[in-house]
**Q** 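So that we are looking at the same thing, I have put the structure below in structure tokens.
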Number of protein chains: 4
Amino acid sequence: MSVTKPSIKKQSLDEGAAKDRRAELLAAAAGVFVDKGFHDSKVSDIVAAAGVAQGTFYLYFKTKADVLLQLVDDCCQDIIGTLSACSQVKADCRDPEQLRESNVAFLVDLFSLLENKHQAIKVVLSGQTGVDPAVDKALGGLKSALVEISKANLEAGMASGIIRKLDSAIVAEAVVGMIYHIAFERFVLGRRLGVNIRQLAEELVDFELNGIGK
Amino acid sequence: MSVTKPSIKKQSLDEGAAKDRRAELLAAAAGVFVDKGFHDSKVSDIVAAAGVAQGTFYLYFKTKADVLLQLVDDCCQDIIGTLSACSQVKADCRDPEQLRESNVAFLVDLFSLLENKHQAIKVVLSGQTGVDPAVDKALGGLKSALVEISKANLEAGMASGIIRKLDSAIVAEAVVGMIYHIAFERFVLGRRLGVNIRQLAEELVDFELNGIGK
Amino acid sequence: MSVTKPSIKKQSLDEGAAKDRRAELLAAAAGVFVDKGFHDSKVSDIVAAAGVAQGTFYLYFKTKADVLLQLVDDCCQDIIGTLSACSQVKADCRDPEQLRESNVAFLVDLFSLLENKHQAIKVVLSGQTGVDPAVDKALGGLKSALVEISKANLEAGMASGIIRKLDSAIVAEAVVGMIYHIAFERFVLGRRLGVNIRQLAEELVDFELNGIGK
Amino acid sequence: MSVTKPSIKKQSLDEGAAKDRRAELLAAAAGVFVDKGFHDSKVSDIVAAAGVAQGTFYLYFKTKADVLLQLVDDCCQDIIGTLSACSQVKADCRDPEQLRESNVAFLVDLFSLLENKHQAIKVVLSGQTGVDPAVDKALGGLKSALVEISKANLEAGMASGIIRKLDSAIVAEAVVGMIYHIAFERFVLGRRLGVNIRQLAEELVDFELNGIGK
DNA sequence: AATGAATGAGCTTTCATTCAT
DNA sequence: TATGAATGAAAGCTCATTCAT
């Protein structure tokens, strides 16, 4: 009785192994994509990096574009999920200092998240556009989500009188563009601009709240 | 002997024809690149769009990447040249209203320039990265130039006391990120956000100068 | 545990199969090269002759020139190896009759070897020059080797007094030119001149030893 | 009356010019073929070397192979013509010394002729085989002519008792192979083997008449 | 005769994907 | 599940040749 049920254990091991394989391939793909870009990355590069045979790739992914999609999709979902949670807090703040703090906290959370995503985030931020409609959709979804969060916060702030009257659609796009660009510089190109994440967030929020004028 | 110089006319006609061919191919390539992205654009698509034979392409461009490079390089050089000229004015302004006006004028100039670049600018803003080091360099050069202009203006403003103390490196990147993103939305994706160029510039400058706070 | 080593068998089978494929392609290429010459031979001709797909060719050879190189190199190495062994004998001979016999034996060995090389030797003797420096080197190496063997034998013969005084460099070249030409006529063009290999060798050695004079 | 016939003078000038053009192109082609081999020589290389436009080439030659053919054909005809004349003398000689001298004279004539052919002979001796049946025929014709001359002389010598009994077909081929090879080494590769043309001819004739034996 | 821009057929080579083992 | 040899469609690029000027 004890020996005759290896199948369950085996299966769970296999499942674990299978998940590992998939994760290994995803990680290998992310690394290769970052190094060479999607189009110059060969499936043979990915399997070489993962240490498996060519055919094994197709046990886990339908096509080469599919692995990019899964990479980007996983990453975007994860970010969107985390940020939606964070952003709830901001809506409530009443005074400027609270607004500042919640904004800084939001950016610190975001940047920390991106930092922990290592390679995957580089793939996302590099904007591998035009590879596959589904990838475009996932990338667009992340950006839209950020714009929506930003826009909602701006409008809430305007409603509560803590933010001046402005065109929330335009300013939300501007804020997201700013964040994307800074994130790209730091997490893809590695230009840290001589500050840590908190200092970076504070400087950006100062700019966002007060502008450059005296 | 006195009047007729047909050789000159002939030469200029020939030169004109040659330039037209090259220009036709560049325009056709821009259109195809915008439609399909560089990697999915075939040389056969470009020559079909230009109405010439396959081999004709290679009379004007060394490789497929070369046409992208020339497109991007021409466009970037042009923008950098124009903007360097505009930006001289800003350095002198003394009072906030003048600062606002010169900034708005700068953005209106930039956006008008981009609008007139039609397809080429879409190629530039789409950031066809990783195709060719020379293309990367040209795109990077444009961005650096914008950051430098922005940074220099911030520092001049701080020196003359019209701009508050801030980290010019970070804010310059933030401003450029904002502009790039807005330009991408409007000139590549065609999202006009319900405003014309001047209104867009004014809203962005208001945000840049005053932030979102009250 | 004691007897079955299926892995070894499997490996040798696989290796055998891989070698067969490569050998099939080499043979097919040799045939096509002989028929059409290197430059008029298309990779598509070779794979058609071998009965495999176009891509399969590139699993075994880096380029079209590579298959020629391997063909020529294999063949030249083989001939050089065999001849170096044969030629040792000649150095020792003391009397004219022995000299004649060892020379005849050498030529019979050489011609037999060439006859067994079938197509490959035709490629070598056709002197596909200028295709690739490596091919030129291999072909040049074979000829140099033959000249060296010939020269060394002449000098040994002169030293032992069995051969008259002559310019060994010139005569060695002359002898090799003679052999190459005869071999080309017989093994590439198929002109047998009404004799078998031994008769051919004897006639040539008579000429080499005694000239045409009475 | 005096001025109205410029056409004749013009025409003859043009004819001269036309011949020059053709000769210039032939010379340019010979140089390029020697440098790169026929297949790696572009028509654009030839016209560049001749300093004329691409289209001009096709005023004088039907195809790229045609220029090779004319080059080879001209050269071969010239050699065959000269040698047929020379060889008449040999047939008459009665004693060994006369035989030796006429053979040496023949080789000196041949080598001098080849030396004066400069580039063209390199093209001929390089054996650009398989390019065009007509070229093959011309090259084959030259070799056959040499073999025929050699064979006829051998047979004449045998008939007159000055040459020993031998297989004239085989020995003629051997002699021609020897001459071709030596000529290739000297006039294509430039290996002079430390002798001038007369010394070379004498050494070869010694070998031909007496062999290597004592 | 001379030009040289234009042509387009045709080649080599790559690489995502499949499938028998 | 894992393998990796085999596939074959597809695309970039070359270059001999043409032809309007």
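Residue numbers start from 1 in every chain, and the chains themselves are labelled A, B, ... in the order their sequence lines are given, proteins ahead of strands. Excluded from the calculations below are hydrogen atoms, water molecules and symmetry mates; all remaining heavy atoms, backbone and side chain alike, are included.
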**Q** List the atom of D/Ala29, the atom of D/Leu71, and the distance in Å for their closest heavy-atom pair.
**A**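 Taking D/Ala29 first and D/Leu71 second, the nearest heavy atoms are C-CD2, 4.4 Å.
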
**Q** Could you report the tightest heavy-atom contact between D/Cys76 and D/Val124, atom names first, then the distance?
**A**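 Of all heavy-atom pairs spanning D/Cys76 and D/Val124, the closest is SG-CG1, 4.2 Å.
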
**Q** Starting from C1' on F/dA5, measure out to CD on C/Glu24 and report it in whole angstrom.
**A**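 That distance rounds to 13 Å.
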
**Q** List the atom of A/Ile46, the atom of A/Leu25, and the distance in Å for their closest heavy-atom pair.
**A**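 Here A/Ile46 and A/Leu25 meet closest at CG2-O, 4.0 Å.
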
**Q** Is any side-chain N or O of B/Tyr60 closer than 4.0 Å to OP1 or OP2 of E/dA5?
**A**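 No, B/Tyr60 has no side-chain N/O under 4.0 Å of OP1/OP2 on E/dA5.
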
**Q** Check this one for me: any side-chain N or O of C/Arg21 less than 4.0 Å away from OP1 or OP2 of F/dA6?
**A**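 C/Arg21 to F/dA6 OP1/OP2: side-chain N or O found under 4.0 Å.
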
**Q** Give, for atom OG1 of A/Thr129 and atom NE2 of B/His39, the distance between the pair rounded to the nearest 0.5 Å.
**A**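 If I round to the nearest 0.5 Å, the distance is 12.0 Å.
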
**Q** Should F/dC19 form a Watson-Crick or G-U wobble pair with both distances under 3.5 Å, which nucleotide is its partner?
**A**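 F/dC19 is paired, partner E/dG4.
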
**Q** CG of C/Asp40 versus C1' of E/dA9: gap in Å, rounded?
**A**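 Atom-to-atom, C/Asp40 to E/dA9, this comes out as 16 Å.
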
**Q** In B/S/- notation, 5' to 3', how is nucleotides 10-15 of chain F contacted by protein heavy atoms closer than 4.0 Å?
**A** -SSBBS

**Q** Whole-Å distance between E/dT12 C1' and C/Asp66 CG?
**A**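 Atom CG in C/Asp66 sits about 14 Å away from atom C1' in E/dT12.
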
**Q** Send over the distance from B/Leu59 CG to E/dG8 C1', rounded to a whole Å.
**A**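 Going from CG in B/Leu59 over to C1' in E/dG8 covers 12 Å.
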
**Q** Take atom CD1 of C/Ile46 and atom P of E/dC11, then tell me their distance rounded to the nearest Å.
**A**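 Distance check: C/Ile46 CD1 to E/dC11 P gives 13 Å.
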
**Q** For C/Lys36 and E/dC11, give me the distance from atom NZ to atom C1', rounded to whole Å.
**A**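 Atom NZ in C/Lys36 sits about 13 Å away from atom C1' in E/dC11.
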
**Q** Checking A/Lys64 against A/Phe38: charged group under 6.0 Å from the ring centre and within 45 degrees of the axis?
**A**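 Cation-pi check for A/Lys64 and A/Phe38: passes.
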
**Q** Atom CG of A/Asp132 to atom P of E/dA16: distance rounded to whole Å?
**A**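 For the pair A/Asp132 CG and E/dA16 P, the rounded distance is 15 Å.
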
**Q** Out of curiosity, B/Leu69 CG to B/Lys137 NZ, how far, rounded to the nearest 0.5 Å?
**A**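 So the CG of B/Leu69 and the NZ of B/Lys137 are separated by 10.0 Å.
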
